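Here is the structure we will look at, set down as structure tokens.
These numbers come from the heavy atoms of this one structure, side chains and all, not from hydrogens, waters or symmetry mates. Worth saying up front: this structure is predicted, and the values here are computed from it rather than measured.
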Amino acid sequence: KVSPAVLLQNPTIETMASTWTKEASVDRLSSLVTMRAAGTKPPLFVIHGGGGHIFFYQPMVQHLDPDQPVYALQPLGLDGEDEKHQSIESMAAYYLKVILQVCPEGPFTVMGSCFSNPVAVEISKLVSPERRKELSVVIADSAPIHIFNYEPILTPIEVRKARFRDRFRSNPVYAIKKMLKDRIRRKLKRPLEKWEYLSARYSWDTRDRKLLALQENLLKLYYQYEWVQFKGEITLIQTSQNVARINNHDDDIWQRLAIDGVNLLVAEGSHRTRFEEPDVINLARCLQAYMDKHAEHQSSGKPNEGVLK
């Protein structure tokens, strides 16, 4: 069994073989995965998604500044042996201990997306008051939309029709191809998801069943979490497609939750492909520019208000 840490830190067979010769290589999975240790900039900590893994961050890391250290946090129980987290709050407390071991002083950034949004928020709540100004919480194009009852301006079908009309006016052939492709994808998505779930549930491989149990636990913790207003600022990086979306409420949701406000940044791309090429390039550039500006303000002693707004 090869852990994400081994794969990410040893991309070639030669370096992986060297790692396996060391005694440390037999250790069980750690919550901390070093994606890039080298660098003099304040570190970035990215939190796993609802699937429990952190691989989807790798393309973004490759497009960050080479001098940018990046660490990923993955959940306890990913190895099928450690006890699982029992709440988002306990998960955040554990991750903060890990973060402070790597970064005992100075500024740092925590990044969340979708599932990991409440984890990032809880970490910010637990940071000591004297270090709170050094912490930057970045959210990648997502928000807990389920906690507020928004009346949709348009239904999902009406939104799809409006988008099709706009695309058809500019490029009829592309619009028709995309419509057919999206229809096929929607038809196949649910059966494929059901098949993947059943395959994992009744798999002969115990690792598949343990991973599914972990993912179900993460989903349960997410919906058990109670959202309340919190002291602090959120930096929300939205994709341009999401900003233009008619039923987009992400900015408003974070404005209602973050007492100190929302720093809204926009990266070209779409929500579905924000961590994929080529959109991930824009996300990485936007994130790096913000982190550099935040570090500059911290070193100069200036307040953070207005950073890249």
Side-chain angles (χ1 to χ4, degrees), residues 2-11 15-16 19 22 24-25 27-79 82 85 88 90-128 131-132 134-140 214 218 235 237 274-275 280 283-292 294-295 298:
V2 182
S3 75
V6 172
L7 290 174
L8 289 171
Q9 296 176 77
N10 301 277
T15 56
M16 189 177 293
T19 299
K22 301 175 184 178
S25 66
D27 291 345
R28 293 190 304 186
L29 294 174
S30 167
S31 281
L32 184 72
V33 177
T34 303
M35 302 187 81
R36 183 191 290 152
T40 60
K41 295 178 182 289
L44 166 66
F45 295 88
V46 296
I47 308 173
H48 61 87
H53 66 86
I54 43 84
F55 286 111
F56 64 94
Y57 285 115
Q58 184 64 8
M60 183 188 76
V61 174
Q62 292 173 348
H63 291 292
L64 292 174
D65 193 300
D67 197 35
Q68 177 63 60
V70 184
Y71 300 89
L73 296 162
Q74 59 186 13
L76 291 176
L78 194 59
D79 58 357
D82 288 329
H85 296 287
I88 293 293
S90 65
M91 180 184 293
Y94 177 76
Y95 290 166
L96 181 57
K97 288 182 180 179
V98 175
I99 289 171
L100 294 180
Q101 288 176 355
V102 177
C103 183
E105 58 183 20
F108 63 99
T109 298
V110 172
M111 184 178 191
S113 184
C114 297
F115 164 83
S116 52
N117 289 344
V119 185
V121 168
E122 283 299 317
I123 288 175
S124 72
K125 292 180 184 180
L126 295 171
V127 172
S128 61
R131 290 209 65 186
R132 192 164 294 156
E134 298 176 327
L135 165 64
S136 177
V137 177
V138 175
I139 301 299
L214 172 72
L218 293 176
T235 293
I237 302 181
R274 67 196 186 281
F275 289 109
V280 71
L283 174 62
R285 287 174 178 171
C286 187
L287 174 62
Q288 189 69 68
Y290 168 73
M291 291 192 294
D292 290 348
H294 175 72
Q298 290 296 312

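Qualifying side chain to side chain contact (heavy atoms under 4.5 Å, CB included) partners for Ala284, counting only residues two or more places apart in sequence or in other chains: Met60, His63, Leu64. In this structure Ser136 satisfies the side-chain hydrogen bond (donor to acceptor under 3.5 Å, both in side chains) test together with Tyr290, sequence neighbours excluded. Scanning for side chain to side chain contact (heavy atoms under 4.5 Å, CB included) contacts around Ala37 gives Thr34, Tyr71, with sequence neighbours left out. With sequence neighbours left out, Phe275 forms a ring pair (Phe, Tyr, Trp, His ring centres under 6.0 Å) with Phe56, Tyr57. Residues that satisfy the side chain to side chain contact (heavy atoms under 4.5 Å, CB included) test with Lys97, not counting sequence neighbours, are absent from this structure. Phe108 meets the ring pair (Phe, Tyr, Trp, His ring centres under 6.0 Å) test with no other residue; sequence neighbours excluded. Qualifying side-chain hydrogen bond (donor to acceptor under 3.5 Å, both in side chains) partners for Glu122, counting only residues two or more places apart in sequence or in other chains: Lys125, Tyr225. Under the side-chain hydrogen bond (donor to acceptor under 3.5 Å, both in side chains) criterion, Arg131 pairs with Glu134, not counting sequence neighbours. Under the rule for a salt bridge (charged side-chain N to carboxylate O under 4.0 Å, His left out), Asp65 has no partner lying at least two apart in sequence or in another chain.
Looking only at distances, a side-chain donor or acceptor of Gln68 sits under 3.5 Å from a matching main-chain atom of Pro42. At distances below 3.5 Å, at least one donor-acceptor pair connects side-chain atoms of His85 with backbone N or O atoms of Leu76. Looking only at distances, a side-chain donor or acceptor of Ser31 sits under 3.5 Å from a matching main-chain atom of Gln74.
Screening residues 101-121 for salt bridge (charged side-chain N to carboxylate O under 4.0 Å, His left out) gives no qualifying pairs among residues at least two apart or on separate chains. Judged as a salt bridge (charged side-chain N to carboxylate O under 4.0 Å, His left out), not a single pair has a partner in residues 43-57 (not counting sequence neighbours). Pairs of residues two or more places apart, or lying in two chains, that qualify as salt bridge (charged side-chain N to carboxylate O under 4.0 Å, His left out) and include a residue from residues 38-52 are Lys41-Asp292.
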